[in-house]
Novice: 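There's a structure below that I have some questions on.
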Protein chains: 2
Amino acid sequence: MNEIEKFLEDKKVRPTAMRILIYKFLAQKEVAVALTDIENAFAKADRTTLYRTLKTFEENGIVHQIDDGTGISKYALCEKDCNCEIEQDLHLHFHCSNCNETVCLTEHKIPHINLPEGYVAEDVNLVVKGICEKCSN
Amino acid sequence: MNEIEKFLEDKKVRPTAMRILIYKFLAQKEVAVALTDIENAFAKADRTTLYRTLKTFEENGIVHQIDDGTGISKYALCEKDCNCEIEQDLHLHFHCSNCNETVCLTEHKIPHINLPEGYVAEDVNLVVKGICEKCSN
DNA sequence: ATTAAAAATGCACTTTCGTTGCATTTGATA
DNA sequence: TATCAAATGCAACGAAAGTGCATTTTTAAT
């Protein structure tokens, strides 16, 4: 409880009640969540608030946004000490076409990529689509 | 002209006037295009027709759809003899955050990815975001 | 403690994109 | 030339992202 408040403050995000709840929700989820998922979990809160909370979290390095190819943005908590940097922090995401869930495979970092002359990489997104461990049995 | 008709027929796609035009448009573009781009180029045609043409092209291995992380689907002609298969055909895409264009780096195939036990890969999407060659000068 | 300022939240609304159903037209085939 | 299937055009819908503004809450200063 108090840890979360402290954590948010460290990240320069005001620890409002709503934000603490959203943080908790993200923390208990082991998969990436869409705005709609949070909306359903917090029926009382307005979508805009949730939307802006996620944006704030993203801007302050608390969550990373995941584009899993479904066209719907997903969000997941960043790892400890993550700066969302290529080579160091960025990891593989897996989207299951059966259960439709997206997971962070944080131990699978993104391989180094050689770009042609003149190209500058700022961000890399690697998504594998297929059948996840739960659904493949 | 006649080559295109033949090509489309080979791919089991009826070479209608509209489809030939769209094919030509894609062929002359060196970047991936969005539905909206084609819409603007062919003001006379209906969006639905363009949309369905792209779908038809995609289903018949003429174009591949690209998810570049902008949330807007892009399309580009497949390489010759492409079957859109992992390890063989799938390549890197680069999205420029300056000019907003997405290019196929077809010579950069997607590296082999080891997944955890139980995961089955069906498709892989690798997008690098940054500054492209044209914009970095 | 009170108040002023700033930030967060809620509400209404808009835009864009993807998508579908259905009527109409075009094109291939018998 | 008649017939049937495929392609096209039109209208509309739904989901999701995003914005402007009014209101409430929180912080900070007096």
Novice: Using atom CZ of Phe42(B) as one end and atom C1' of dT8(D) as the other, report the distance to the nearest whole Å.
Specialist: 15 Å

Novice: Would you mind reading off the distance between Ile72(A) atom CD1 and dG18(D) atom C1', rounded to a whole angstrom?
Specialist: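 It works out to 16 Å between those atoms.
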
Novice: Taking NZ, NE, NH1 and NH2 as the nitrogens, is one of them in Lys134(A) or Glu101(A) under 4.0 Å from a carboxylate oxygen of the other?
Specialist: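 Salt bridge present between Lys134(A) and Glu101(A).
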
Novice: Among dT9(C), dT8(D), dA28(C), which nucleotide has an atom closest to any side-chain atom of Thr16(A)?
Specialist: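 Taking heavy atoms from C-beta onward, the closest nucleotide is dT9(C).
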
Novice: Regarding Thr56(B), tell me which of base, sugar-phosphate or nothing describes its non-hydrogen contacts under 4.0 Å with the strands shown.
Specialist: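 Touches nothing.
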
Novice: When you check the side-chain N and O atoms of His93(B) and His91(B), is any donor under 3.5 Å from an acceptor?
Specialist: yes

Novice: So, is Thr49(B) near the phosphate of dG9(D), with a side-chain N or O under 4.0 Å from OP1 or OP2?
Specialist: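 Yes, Thr49(B) has a side-chain N/O under 4.0 Å of OP1/OP2 on dG9(D).
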
Novice: Check the pair Phe94(B) / Tyr119(A) against ring pair (Phe, Tyr, Trp, His ring centres under 6.0 Å), numbers first and verdict last.
Specialist: CA-CA 9 Å; Phe94(B) 188 93; Tyr119(A) 285 81; 4.8 Å; yes

Novice: How is Thr48(B) classified with respect to the nucleic acid when contacts are heavy atoms under 4.0 Å: base, sugar-phosphate, or nothing?
Specialist: base

Novice: As a test of reading the structure: which of dC17(C), dA6(D), dT19(C) is closest to the side chain of Arg14(B), going by heavy atoms?
Specialist: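 Among dC17(C), dA6(D), dT19(C), the one nearest the side chain of Arg14(B) is dA6(D).
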
Novice: Take atom CG of Leu54(B) and atom C1' of dT8(D), then tell me their distance rounded to the nearest Å.
Specialist: 14 Å

Novice: Closer to the 5' end of DNA chain C via nearest nucleotide, is it Gln65(B) or Arg52(B)?
Specialist: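 Mapping each residue to its closest nucleotide by heavy atoms, the 5'-most match is Gln65(B).
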
Novice: Considering heavy-atom distances to DNA chain C, does Met18(A) or Leu35(B) have its closest nucleotide positioned more toward the 5' end?
Specialist: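 Its nearest nucleotide lies further toward 5', so the answer is Met18(A).
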
Novice: Return yes if the base of dG18(C) and the side-chain atoms of Arg47(B) contain a donor-acceptor N/O pair under 3.5 Å, otherwise no.
Specialist: yes

Novice: Rounded to whole Å, please give me the gap between CG in Leu21(B) and P in dT8(D).
Specialist: 11 Å

Novice: For the pair made of OH in Tyr75(B) and P in dC17(C), what is the distance, rounded to whole Å?
Specialist: 12 Å

Novice: Quiz question: by atom type and distance under 3.5 Å, do the side chains of His95(A) and Asn100(A) form a donor-acceptor pair?
Specialist: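 Side-chain D/A pair, His95(A) to Asn100(A): present.
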
Novice: Take the protein atom CD1 of Ile38(A) and the nucleotide atom P of dA17(D), then report the distance between them rounded to whole Å.
Specialist: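 Distance, rounded to whole Å: 11 Å.
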
Novice: Using only heavy-atom distances, decide whether a donor-acceptor pair under 3.5 angstrom links the side-chain of Arg19(B) to the base of dG27(C).
Specialist: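 No pair found.
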
Novice: Taking the side chain of Thr53(B) as its heavy atoms from C-beta onward, which of dA7(C), dG9(D), dT8(D) lies nearest to it?
Specialist: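 Selected nucleotide (nearest to the side chain): dT8(D).
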
Novice: Look at the side-chain N and O atoms of Tyr51(B) and state whether any lies under 4.0 Å from the OP1 or OP2 oxygen of dT19(C).
Specialist: yes

Novice: Between His112(B) and Glu87(B), do the side chains contain an N or O donor and an N or O acceptor separated by less than 3.5 Å?
Specialist: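 Distance-only check passes for His112(B) and Glu87(B).
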
Novice: Give the rounded distance in Å between these two atoms: CG of Asp46(A) and P of dG20(D).
Specialist: 16 Å

Novice: Within less than 4.0 Å of OP1 or OP2 of dT9(C), is there a side-chain N or O belonging to Lys44(A)?
Specialist: no

Novice: Let me know the distance between CD of Glu39(B) and P of dT8(D), rounded to the nearest Å.
Specialist: 16 Å

